[in-house]
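All remarks here apply to the structure that follows.
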Amino acid sequence: MAQFTRVSRSVGLITLQNPPVNALSAVARQGIVDAVKRALSDPKVKSVVICGQNGIFCGGADIKEFGTNITGPPLVPMIHAIEASNKPVVAAIEGSAFGGGLELALGCHYRVAHSKAKLGLTEVTLGLLPAAGGTQRLPRLIGVPAALNLITTGRHVTAAEALQLGIVDQVTDHNAVDEAVKFALSVAGKSLDARRISTYPCPCPSDVDALFEEVMQKVRQSARGAIAPIACVQAVRAAATLPYSQGMEREQELMATLFTSGQARALQYCFFAQRAVGRWSMPSGARWDTSKPRSIHKAAVIGLGTMGRGIAVALAQTGLSVVAVETQEKQFMEAKKMVSGMMERGAKRHGTAPPLDKITYSQNIQAVADVDLVIEAVFEDMALKEKVFQQLSTICKQGTFLCTNTSALDVDHLASQTRNPELVVGMHFFAPAHVMKLLEVVYGPRSSPQAVATAMQLGKKMGKVSVAVGNCRGFVGNRMLKPYLEQALFLLEEGATPELVDGALEEFGFALGVFKMSDLSGLDVGWKVRKGDGLVEPGLASGPSARIRQGRRYSPLGDLLCEQGRFGQKTGQGWYRYDKPGSRVPRYDPWLHSFLEEYRTQHGIVARRIDQQEVLERCLYALINEGFRILEDGIAAGPEDIDIIYVFGYSWPRHRGGPMFYASMVGLAKVLERLEHYHQAHPDVPYMQPCNLLRRLVASGSPPVHKWKEAIKKLRSQL
Ligand SMILES: CCCCCCCCCCCCC/C=C/C(=O)SCCNC(=O)CCNC(=O)[C@H](O)C(C)(C)COP(=O)(O)OP(=O)(O)OC[C@H]1O[C@@H](n2cnc3c(N)ncnc32)[C@H](O)[C@@H]1OP(=O)(O)O
């Protein structure tokens with residue numbers, strides 16, 4: 001849909017009308033084609049302005065059309081027709097001009113942007129490339145290095161940066177459409193020879209080959225196996241080395257490969273899943289659209305360790321008044337300094353003032369009496385947390401929401417320590433809390449829908465992707481991590497090395513393999529939890545029973561390393577060796593390898609050759625199997641919730657769509673068959689026993705991932 005009107009007597013105004021983001025659907029494209037024809041054939045129209053309704057220029061091609069039979073006029077000829085017009089066409093950019101939206105604007109002869117507008121060729125984030133001429137026009141307009149940066153990252157630029165780069169011709173604080181109309185009046189009748197970007201030569205540095213080689217190397221490194229950024233470099237290279245028409249052919253060729261790829265499907269699934277998790281629901285039937293959040297004006301953080309500091313910064317950055325409480329003198333002094341430093345660095349990056357005055361510090365928990373919401377972030381110890389919740393329940397004013405940042409403990413038990421358990425929810429942040437985008441909002445059986453809605457809304461305000469999940473040990477993310485870590489240890493026992501396991505996982509796309517990650521986060525963290533669970537027995541006992549604890553297979557390898565003081569990066573030794581404590585570069589450690597050999601001998605294990613395929617199947621399918629159990633238990637409402645948690649909190653490669661999406665791509669029958677195989681080989685590993693839900697989904701014909709929610713509901717009703 002696009003509306004045509006004539007304004008200021010001689011300006012044809014074309015307004016895209018496709019809410020909510022004016023995406024270029026088949027109907028919208030047809031509307032533009034018709035409106036442009038009308039403008040060009042109307043002798044009273046001397047120039048044209050294209051804008052979008054409701055303050056947004058255009059959110060790009062309609063992503064919902066991808067994967068369907070696309071009809072309607074294609075984008076490329078539509079944009080060519082606009083560029084070829086003999087009447088000047090001005091794009092009036094308000095809100096966003098992304099992907100095909102910016103490509104449409106690049107086909108116009110001029111661009112006027114509102115100062116708050118954001119622009120970007122974002123296709124790479126959806127596993128695609130700017131295939132409506134973007135890879136050919138942008139380098140011609142702003143040069144190869146700047147275009148490569150924008151196209152391979154998909155990053156959004158502000159109107160000010162767009163002006164500096166030469167993407168837009170004018171930036172205004174006033175109404176962009178009015179300004180564009182004035183602009184259009186001023187250029188009516190002028191020659192357009194120098195305004196058609198496709199006719200520009202591509203400004204290139206002298207050594208193009210060296211430039212592209214260097215960029216390609218960098219992109220390959222950061223892409224972690226994603227193919228779209230590489231295709232983007234190839235397409236821009238075509239702009240730099242070929243005439244426009246041949247460059248366009250190359251662009252289309254590369255797009256055809258990406259368009260039907262599994263990676264594009266995965267990335268587009270993530271786009272919609274990220275939005276779907278905002279539409280949360282609870283097993284009680286409470287939902288996002290029927291639960292009203294309460295406004296939070298003042299919040300408190302209890303405990304200023306690493307997590308508490310990050311949470312305090314994230315809260316202050318939203319503009320809330322924050323009371324930060326730490327009772328230990330040394331930690332209190334240190335935290336004050338660290339928090340100010342974090343805020344100053346953040347403000348410097350964003351070119352804003354640090355919100356230092358938003359935080360007041362106190363060593364007395366009584367200081368939280370008048371806040372609307374508290375986030376407890378004290379040490380992960382149930383007795384300590386119980387005490388804090390009992391205190392909060394008496395100190396805080398009526399109606400204050402009490403949240404815990406526990407990463408695994410029972411939220412409902414903490415709620416039972418208070419007078420109003422309905423006000424208690426978990427807010428599980430990920431370290432560093434002011435940087436990481438994920439927030440698990442954990443509801444217990446007694447949490448009120450309003451408490452959940454308020455925590456979800458606060459998370460959104462903090463710029464987090466918030467996912468509402470049920471209460472169980474480890475919630476969703478950490479619960480699924482357990483079988484993954486366990487398999488990694490079993491693989492070491494059986495003959496693998498940390499290098500082999502990490503190599504396989506990093507090749508799959510994880511930023512860090514499991515052992516590097518364990519060294520980074522500290523081996524002592526898990527050791528403490530296992531001690532609390534009564535799993536740790538000191539020393540290197542031998543015999544098969546030494547590796548059976550609480551009736552199931554257990555690997556004491558991590559405990560043995562901790563007994564040696566090998567806690568990972570912080571002690572300079574863990575699964576790898578580091579140059580000094582605190583160093584970050586993992587190195588091969590001969591000690592670890594002899595230790596593993598000695599361990600195997602002591603336990604009578606004959607090392608065998610393990611390949612990458614086995615590493616991936618055992619680690620990932622064990623984790624996925626637990627994901628199915630989580631769905632079966634109703635802890636996560638749907639596969640999207642699990643996938644978003646893994647993509648945003650656990651560095652699961654986005655181009656693989658999250659663990660549950662990945663399972664659907666591999667094929668549920670295959671996942672089931674491999675789990676059955678490994679469970680037969682390792683009957684003492686309950687995590688490998690295929691979950692009932694997985695079996696039933698396979699039996700019901702392995703529905704596609706977007707149908708699982710419905711299928712689970714149906715399967716439940718049959719029980
Ligand atoms: C085999 C041969 C193959 C040949 C090739 C065929 C080619 C055919 C296609 C040619 C394509 C040419 C190249 C162009 C490609 C593109 O343009 S891809 C799209 C690029 N656009 C984007 O990346 C922007 C995506 N959107 C956003 O970033 C944000 O939505 C926004 C615009 C910044 C607005 O943000 P906000 O206000 O926060 O709202 P949201 O909640 O994010 O969105 C509101 C709802 O709108 C839905 N939506 C958003 N964008 C799109 C879109 N482009 N298409 C469809 N739907 C979109 C979004 O999902 C929300 O809806 P719900 O999911 O229902 O909540």
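Both backbone and side-chain heavy atoms feed into the values below; hydrogens, waters and symmetry mates do not. Just follow the structure's listing: the first ligand is 1, and inside any ligand the first atom is 1.
Summary of contacts: the protein heavy atom closest to atom 48 (N) of ligand 1 is Val21 CG2, 4.0 Å. Counting only heavy atoms of the protein, atom 1 (C) of ligand 1 lies nearest to Thr260 CG2, 4.2 Å. The protein atom (non-hydrogen) at minimum distance from atom 33 (C) of ligand 1 is Phe98 CE1, 3.5 Å. The closest protein non-hydrogen atom to atom 3 (C) of ligand 1 is Phe259 CD2, 3.5 Å. Scanning the protein for heavy atoms near atom 24 (C) of ligand 1, the closest one is Gly59 O, 3.3 Å. Protein heavy atom closest to atom 44 (C) of ligand 1, with residue, atom name and distance, is Pro20 CG, 3.9 Å. Closest protein heavy atom to atom 56 (N) of ligand 1: Lys64 NZ, 4.0 Å. In terms of protein heavy atoms, atom 54 (N) of ligand 1 is closest to Ile63 N, 2.9 Å.
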request  = Using the side-chain contact (heavy atoms from CB on, under 4.5 Å) rule, take Ile56 and Glu94 through it: C-alpha gap first, then chi angles, then the decisive distance, then the call.
outcome  = CA-CA 5 Å; Ile56 173 161; Glu94 297 174 298; over 6 Å; no

Derivation of the side-chain contact (heavy atoms from CB on, under 4.5 Å) call for Arg654 and Arg224 = CA-CA 10 Å; Arg654 196 176 164 99; Arg224 297 202 263 142; over 6 Å; no

inquiry  = For Phe508 and Tyr662: C-alpha separation, side-chain torsions, deciding distance, then whether side-chain contact (heavy atoms from CB on, under 4.5 Å) applies.
reply    = CA-CA 11 Å; Phe508 179 78; Tyr662 176 69; 3.5 Å; yes

message = Checking Asp372 against Arg294 for the side-chain contact (heavy atoms from CB on, under 4.5 Å) test, could you report, in this order, the C-alpha distance in whole Å, the side-chain angles of both residues, the deciding distance, and whether it holds?
response = CA-CA 9 Å; Asp372 307 310; Arg294 210 162 347 115; 5.6 Å; no

task = Might you work through the ring pair (Phe, Tyr, Trp, His ring centres under 6.0 Å) test for His174 and Phe183, ending with a clear yes or no?
result = CA-CA 13 Å; His174 303 291; Phe183 195 104; over 10 Å; no

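Counting the atoms of ligand 1 from 1 in the order shown, those under 4.0 Å from a heavy atom of Phe271 are 25 (C), 26 (N), 49 (C), 50 (N), 59 (O). Of all atoms in ligand 1, listed by their number and element, those nearer than 4.0 Å to a heavy atom of Gly99 are 17 (O), 20 (C). Applying the 4.0 Å criterion to heavy atoms of Asp62 picks out, from ligand 1, the atoms 54 (N), 55 (C). Every atom of ligand 1 is numbered from 1 in the order shown, and the set under 4.0 Å from a heavy atom of Ala131 is 13 (C). Atoms of ligand 1 found under 4.0 Å from any heavy atom of Gly60, numbered from 1 in the order shown, are 17 (O). Atoms of ligand 1 lying under 4.0 Å from at least one heavy atom of Ser96, given by number and element, are 33 (C).
Between His156 and Phe98, the ring centre distance stays below 6.0 Å.
When non-hydrogen atoms are compared, ligand 1 lies under 4.0 Å from the side chain of Glu103 (C-beta onward) but not from its backbone. Residue contacts with ligand 1 for Leu126 involve side-chain atoms from C-beta outward but no N, CA, C or O (heavy atoms, distance under 4.0 Å).
For the atom pair CD of Gln252 and OG1 of Thr135, the computed distance is 8.5 Å after rounding to the nearest 0.5 Å.
Heavy-atom minimum distance, Thr71 versus Ala26: O-CB, 3.4 Å. Across all non-hydrogen atoms, the minimal contact from Ala97 to Leu102 is O-CB, 3.6 Å.
Between Phe430 and His428, the ring planes lie tilted relative to each other; the angle falls in the 30° to 60° range.
In terms of polar-atom proximity, Thr122 is counted as a contact of ligand 1, with an N or O under 3.5 Å from an N or O of the ligand. Some N or O of Arg275 is nearer than 3.5 Å to an N or O of ligand 1, by distance alone. Checked against a 3.5 angstrom limit, the closest N/O atoms of Ala61 and ligand 1 fall inside it. Looking at Leu129 next to ligand 1, no N or O pair under 3.5 Å apart turns up. Considering backbone and side-chain N/O atoms, Phe272 never comes within less than 3.5 Å of an N/O atom of ligand 1.
At a distance under 4.0 Å, a protein heavy atom can be found next to atom 62 (P) of ligand 1. Shown here, atom 42 (O) of ligand 1 is in close reach of the protein: a heavy atom of it lies under 4.0 Å off. For atom 38 (O) of ligand 1, no protein heavy-atom neighbour is found at a distance under 4.0 Å.
Using a cutoff of 4.0 Å between basic side-chain nitrogens and carboxylate oxygens, Lys713 and Glu710 are not scored as salt-bridged.
The shortest distance between side-chain heavy atoms of Met1 and Gln53 does not fall below 4.5 Å.
Residue Arg279 places a heavy atom under 4.0 Å from ligand 1.
Within a 6.0 Å sphere centred on NZ of Lys118, heavy atoms belonging to other residues, nucleotides or ligands number 12 at most. By the 6.0 Å contact criterion, CD on Gln164 is open, its count of non-hydrogen atoms from other residues, nucleotides or ligands being 12 or less.
Relative to the six-membered ring of Phe271, Arg275 meets both conditions, a distance below 6.0 Å and an angle of at most 45° to the axis.
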